[in-house]
Amino acid sequence: MSARGVLLDRDGVINELVCFPEIGTIDSPLNPDQFRLLPDVAKAIRTLNELGFKVVVVSNQPGIAKGKMTEELFEKVRSRMKKELAKEGAHLDAEYYCLHHPDAVKEEYKVNCECRKPKPGLFLKASSELGIDPSRSFSVGDSLMDIKAGKAAGYKTILIGSMKCDLCKLMDQENARPDFIVGSLINAVDIIRKR
């Protein structure tokens, strides 16, 4: 294992979250029309591509399990993401998704698995299959679940967010303090480039 990688959560890191006012939630895009890249994300990923990092999505995606979307719509959202990145010369080397949820309404997805973050299963699988050395690599996410999973798999962790006192307390309680905290993926790339 000698490759260097940057493992990215998807929603809130690569693309915007979607507001569903009728049910009062903010969630993943449930169809391709709702998918929007966050500002400078394609530029950030293209820079990582040029620096020789394997760029990999590792993401919990329980929308199918919860009956919010179909497998076909999920694939269309993935396709839209890749097309939007490709328009700006960026690409992903791989994508790893946990489609399970312990409270799934679709029985085949109702699993207490090892791949659902904060467990590190997706990270370990990506490391093994892609030959990534976690000690020379980074994990970028927007939640403490992402940080816990990345740390458990041996990655340097970057949280996209802001330092809020409540979040700091929670980081300590959950033993999920990231190595770095930044405002966006492009800021994370600045840290990765310097290391």
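Below, all heavy atoms of this structure are taken into account, side chains as well, without hydrogens, waters or symmetry copies.
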Exercise. With sequence neighbours left out, write down each residue that passes side chain to side chain contact (heavy atoms under 4.5 Å, CB included) with Lys83, or none if nothing qualifies.
Key: Ser79
Exercise. Answer yes if the side chains of Gln61 and Asp11 hold a donor-acceptor pair under 3.5 Å, and no otherwise.
Key: yes
Quiz item: Ile14 versus Met81: any side-chain heavy-atom pair under 4.5 Å?
Solution: yes
Quiz item: Which residues pass the salt bridge (Lys or Arg N to Asp or Glu O under 4.0 Å) test with Lys194, sequence neighbours left out?
Solution: none
Self-check item: Residue pairs fulfilling salt bridge (charged side-chain N to carboxylate O under 4.0 Å, His left out) with at least one residue in residues 139-157, sequence neighbours excluded
Solution: Lys117-Asp146, Lys148-Glu174
Quiz item: Is there a donor-acceptor contact under 3.5 Å from the side chain of Ser59 to the main chain of Asp9?
Solution: no
Quiz item: With side chains defined as the heavy atoms from C-beta onward, is the minimum distance between Leu159 and Phe180 less than 4.5 Å?
Solution: no
Self-check item: Pairing residues for Arg78 by the salt bridge (Lys or Arg N to Asp or Glu O under 4.0 Å) criterion, not counting sequence neighbours
Solution: Glu75, Glu95
Quiz item: Looking at Asp172 and Arg177, does any basic side-chain N land under 4.0 Å from a carboxylate oxygen?
Solution: yes
Quiz item: Members other than Ile26 in its cluster, when Ile, Leu, Val, Met, Phe, Trp, Tyr link by side-chain heavy atoms under 4.5 Å?
Solution: Leu17
Quiz item: Thinking salt bridges, do Arg36 and Glu16 make one under a 4.0 Å N-O criterion?
Solution: no
Quiz prompt | Ionic contact status for Asp103 with Lys66, cut-off 4.0 Å | solution = no
Quiz item: Going by atom types alone, do Tyr155 and Ser127 pair a side-chain donor with an acceptor below 3.5 Å?
Solution: yes
Quiz item: Do other residues, nucleotides or ligands put more than 12 heavy atoms under 6.0 Å from the CD atom of Glu72?
Solution: no
Quiz item: Listed by chain and number, what are the salt bridge (Lys or Arg N to Asp or Glu O under 4.0 Å) partners of Glu129, not counting sequence neighbours?
Solution: none
Practice problem: Give a yes or no on this: more than 12 heavy atoms of other residues, nucleotides or ligands lie within 6.0 Å of atom NZ of Lys43. | Solution: no
Self-check item: Phe123 and Tyr96 aromatic centres sub-6.0 Å
Solution: no
Self-check item: Within-4.5 Å side-chain heavy-atom neighbours: Asp27 and Phe20
Solution: yes
